[in-house]
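In what follows, a single structure is set out as structure tokens and then discussed.
Note that these values count all heavy atoms, side chains included, but never hydrogens, waters or copies made by symmetry.
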Amino acid sequence: MSPVTQIEVEDFLLRHPGWRVENRALCSEFTFADFKQAKAFIDVVAEQAEILDHHPEWHNFFNKVDVALSTKAMKTITNLDIALARALEQNYEIIRDLS
């Protein structure tokens, strides 16, 4: 894992609307049709996080999942955070479109 530069973070934010940086973390909110879809999203992403050995900080309330991605050991955003953010987006589109 390696830290990403400020330019790489800004490039990611430009290409991926809905993400923002807060407290040295990539943050976003994912909204689904219902709780069942939100839980399916969490379950799928949990599997991918295990594979990457990189785990998000998230909060689920009914049909919403708030996510913060940061590499705590490095106290910054790394390439693993960017990779997991992309996986979150891909899975969001798939699960959201299942309704």
Joint cluster assignment, [X] & [Y], ILVMFWY side-chain distance < 4.5 Å:
| X | Y | result |
| --- | --- | --- |
| Leu14 | Trp19 | no |
| Phe30 | Leu13 | yes |
| Leu52 | Val4 | yes |

How long is the gap from [atom1] on [X] to [atom2] on [Y], to the nearest 0.5 Å?
| X | Y | atom1 | atom2 | answer |
| --- | --- | --- | --- | --- |
| Arg24 | Thr71 | CZ | OG1 | 12.5 Å |
| Gln90 | Gln48 | CD | CD | 7.5 Å |
| Glu47 | Asn91 | CD | CG | 11.0 Å |

What I'd like to find out is whether the side chain of [X] reaches to under 4.5 Å of the side chain of [Y], using heavy atoms alone.
| X | Y | value |
| --- | --- | --- |
| Asp66 | Phe61 | no |
| Trp58 | Val45 | yes |
| Thr31 | Asn63 | yes |
| Pro56 | Leu84 | yes |
| Asp53 | His55 | yes |
| Lys39 | Asp43 | yes |
| Val21 | Leu26 | yes |
| Leu69 | Ile82 | no |

So does [Y] get a backbone contact from the side chain of [X], meaning a donor-acceptor N/O pair under 3.5 Å?
| X | Y | result |
| --- | --- | --- |
| Glu89 | Arg86 | no |
| Ser28 | Gly18 | yes |
| Asn79 | Ser2 | yes |

Exceeds 12 heavy-atom contacts within 6.0 angstrom, atom CD of Glu10:
yes
Crowding at NZ, Lys75 (>12 non-hydrogen neighbours, <6.0 Å)
no
Looking at the rings of Phe32 and Phe62, which for Trp means the six-membered one, are their centres under 6.0 Å apart?
no
Taking all heavy atoms of Ala38 and all of Asn60, pick out the closest pair and write down the distance.
CB-ND2, 3.7 Å
Heavy atoms of His54 and Asp81 approach each other most closely as NE2-OD1, 2.5 Å
